[in-house]
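Report on the following structure.
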Amino acid sequence: MEFLLEFGQILLATFRDVLPIIILIASFQILVLRQSIPHLKRVLVGVVYVILGLALFLAGLDKALFPLGKIMAQQLSNPLFIYGHEITADQVQWSAYGWTYLFAALIGFATTIAEPSLIAVAFKASEVSAGTISQWGLRITVAVGVSVGISLGAFRIVSGTPLYLFILVGYLVVIVQTIFAPKNIIALAYDSGGVTTSTVTVPLVAALGLGLSEAVPGRNPALDGFGLIAFASLFPIITVMGYAQYSHWLANRGKISPAKEDS
Amino acid sequence: MSSQNPPLKITPYLAIIYQKLRSAFTDLLPIIVVIAFFQLIVLRQPMPELGQVLFGGLLVVMGLSLFIQGLEMGLFPIGEAMAQALARKGSLFWLLTFAFSLGFATTVAEPALIAVAREAAEIASQGNLIGPGEDAISSYALGLRMSVAVSVGLAILIGVLRIIKGWPIHYLIISGYVMVMLMTIIAPEEIVGIAYDAGGVTTSTVTVPLVAALGVGLASIIKGRNPLVDGFGLIAFASLLPMIFVMGYGLLIFS
């Protein structure tokens, strides 16, 4: 009974989020386009599925994943777990946080694979490219990017390096890659930065960032707790373009000298 | 691809449902493995409230399957239908109005953004960057939210304009990056981290599929555009522009 109440609240909140979109589309259909949507009944059922599905998804995450994930993020950044005793600010060693970086990398990878927005974009990309871009290929490449980004972001919080340095270098890498990457992947690569961070990833990653910046002596949550999400949106761009460059290179090499493959 | 036929011909729906549920389970498997590994092997603690966790996991699998089914039936077709109907109408004004409203409307009420803006405002108030008191905090939080919502609206508008005009995306994105770097140098330090994160939280799970369908739909109906090269990129703008706008807002408020 209590759960039904909770679920009702989540369902209501999800509906409230979708309401502006429904109003916008309906008013454009009625006032500007003055025509009905093709297969209206099917579309409406689809929208109901989306709202219901998202609410179930969020309710489940709230029950199963978020409490556990947040506790784990705190435990793994706790000095008692890392060093076995309390420490002061000048005793912080970035190299002692191996498990934290590993957790950051793996949870980044795992939550990105489950991210519904990324599933949607991968679906579209595979459809539009007639299957050349495989859904799982794109999703795994993006997830690897997020995992590198989040563990590097965790390292940044532990070591206290300024955020903008990493972002600056990351942007430079993206700019250089853009010059060399195959033209048809560029827009998709840029997009994959933005889609990685939503429903599943953000709450866990934010908990990790805040937990780390509170637990590491000498860090200020207000200054250092933010920024992990920025890392998670930057690195997938690099891995997606990198993977496209690699497969492009592989395909070209095959074309130029197919005989060498055999030897 | 499967060589097996569904067990019973009268139950094709069950086969589809089973397939959807199984693929949703595959999507969630990595999370289960990671959590179990750290909980049982690294932290060496028992799984707390296993029943609760299993029940939640079941809901997540069901929710994800329903969401994806709804995506294919509802969100994608509606996004594409809107894009094509607006393109056929031939009015640039209404197309751009729709683009801006879609970005603005979906962002301004986004719960993640409301939470982040509120938190940022409280931090700014504690740091004496803005005046103390509830009024200053809520007006600062509202300002942040509005900057982000307007910037997402503009981002979708620019993205749609790019698809119509056929501008190459990398010039726009790279100039965006240069702007972000310049703003980072001059903006107050306290706003930089929030600004960088604001780019990531704006694009919600319902907005992304709609915007992707809008872009691809437009690019496939306008002559000379390639859906793969030109259809994507809207989300990239929507995560870049808020950074610039939030830092701009910080600059305006703090100096």
Side-chain angles (χ1 to χ4, degrees), chain A residues 18 20-21 24 28 32-33 37-38 42-43 45-47 49-50 52-54 56-57 59-61 63-64 68 72 75 99 103 106-107 110-111 113-114 116-117 120-121 124 128-129 163-164 168 171 175 178 183-184 186-188 190-191 193-195 197-199 202 222 226-227 229-230 233, chain B residues 27-28 30-31 34-35 38 42-43 52-53 55-57 59-60 62-64 66-67 69-71 73-75 77-78 81 85 94 98 101-102 105-106 109 123 169-170 173-174 177 181 184 193-194 196-197 199-201 203-206 208-209 212 216 227-229 232-233 235-236 238-239:
Chain A
V18 181
I21 305 178
L24 177 70
F28 258 78
V32 180
L33 295 169
I37 299 168
R42 193 179 147 83
V43 167
V45 172
V47 172
Y49 279 1
V50 163
L52 206 63
L54 208 55
L56 275 173
F57 188 69
L61 287 178
K63 276 230 166 319
L68 200 57
M72 288 173 80
Q75 283 175 336
W99 284 121
F103 178 72
L106 290 180
I107 204 78
T111 51
I113 291 291
S117 331
V121 166
K124 264 279 158 238
V128 160
S129 69
L163 174 63
Y164 67 89
L168 213 76
Y171 279 174
I175 291 173
T178 304
K183 290 287 158 276
N184 56 9
I186 291 177
L188 185 62
Y190 288 153
D191 262 6
V195 298
T197 45
S198 59
T199 336
V202 169
F226 294 95
I229 296 165
S233 343
Chain B
D27 295 336
L28 293 163
I31 296 189
V34 170
I35 295 274
F38 273 91
V42 180
L43 293 167
Q52 186 95 318
V53 170
F55 177 60
L59 293 184
V60 172
M62 273 163 46
L64 193 58
L66 259 182
F67 176 80
Q69 182 64 26
L71 213 64
M73 284 170 64
L75 284 189
I78 214 173
W94 282 119
F98 180 74
S101 320
L102 186 64
T106 53
I123 289 168
I169 186 167
H170 48 275
I173 295 284
I174 290 175
Y177 283 169
M181 292 180 202
T184 306
I194 299 159
Y196 282 176
D197 275 359
V201 295
T203 41
S204 84
T205 314
V206 182
V208 166
V216 168
L228 187 58
V229 177
F232 291 96
I235 301 156
S239 27

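The analysis underlying the following values was restricted to heavy atoms, covering all of them including side chains, and did not include hydrogens, waters or symmetry mates. Below, chains carry the letters A, B, ... as their sequence lines are ordered, and counting in each starts from 1. What you are looking at is a predicted structure, and each value in this text was computed from that prediction instead of being measured.
- Residues B/F98 and A/L24 meet the side-chain proximity criterion, which asks for heavy atoms closer than 4.5 Å.
- Heavy atoms closer than 4.5 Å to chain A are found in the side chain of B/I173, but not in its backbone.
- Put simply, the side chain of B/F232 reaches to within 4.5 Å of the side chain of A/V121, judged on heavy atoms.
- By the neighbour-count criterion of 12 heavy atoms within 6.0 Å, atom CZ of A/F28 is densely surrounded, having more than that number from other residues, nucleotides or ligands.
- In this structure, chain B has heavy atoms under 4.5 Å from both the backbone and the side chain of A/V195.
- If you tally non-hydrogen atom pairs under 4.5 Å between each of B/I31, B/V206, B/V216, B/I169 and chain A, the highest count goes to B/I31.
- Both the backbone and the side chain of B/A85 come within less than 4.5 Å of a heavy atom in chain A.
- The candidate from B/V60, B/L28, B/L102 with the greatest count of non-hydrogen atom pairs under 4.5 Å with chain A is B/V60.
- Residues B/V42 and A/F103 form no side-chain contact, since every pair of their non-hydrogen atoms from C-beta on lies 4.5 Å or further apart.
- The structure places CZ of B/F38 at 5.5 Å from CG of A/L106, a figure rounded to the nearest 0.5 Å.
- Between A/G194 and B/S239, the closest heavy-atom pair is CA-OG, 3.6 Å.
- Of all heavy-atom pairs spanning B/L64 and A/P116, the tightest one is CD1-CG, 3.9 Å.
- Contact count versus chain B (heavy atoms, under 4.5 Å) is highest, among A/I186, A/V47, A/I175, for A/I175.
- Between A/Y190 and B/Y177, the ring planes lie perpendicular to each other; the angle is over 60°, past the 30° to 60° tilted range.
- Per-residue heavy-atom pair counts under 4.5 Å with chain B were compared for A/V45, A/L54, A/L56, and the maximum is reached by A/L56.
- Looking at A/V128, the atoms closer than 4.5 Å to chain B (heavy atoms on both sides) all sit in the side chain, from C-beta outward.
- Among the candidates A/A59, A/A110, A/S233, the residue making the largest number of heavy-atom pairs closer than 4.5 Å to chain B is A/A110.
- Summarising the geometry of A/P20 relative to B/A105, their closest heavy-atom pair is CB-O, 3.7 Å, with the distance given to 0.1 Å.
- Contact of B/V229 with chain A is made through backbone and side chain together, with heavy-atom distances under 4.5 Å.
- Looking at B/L228, both its backbone and its side chain come within 4.5 Å of chain A, counting heavy atoms on both sides.
- With chain B as partner, the option from A/L163, A/V32, A/I21, A/L188 having the largest number of non-hydrogen pairs under 4.5 angstrom is A/V32.
- Within the 4.5 angstrom heavy-atom criterion, only side-chain atoms of B/T184, from C-beta onward, approach chain A.
- Contacts between A/T178 and chain B at a heavy-atom distance below 4.5 Å involve the side chain alone, from C-beta outward.
- The distance from atom OG1 of A/T111 to atom CD1 of B/I35, rounded to the nearest 0.5 Å, is 9.5 Å.
- In plain terms, the two heavy atoms of A/S117 and B/T205 that are nearest each other are OG-CA, 3.7 Å.
- Residues satisfying the salt bridge (Lys or Arg N to Asp or Glu O under 4.0 Å) criterion with A/K124, sequence neighbours excluded, are A/E127, B/E80.
- B/I194 contributes atom CD1, which lies 11.5 Å from atom CD1 of A/I229 (distance to the nearest 0.5 angstrom).
- If you measure heavy-atom distances from B/P77 to chain A, the contacts under 4.5 Å come from the side chain alone.
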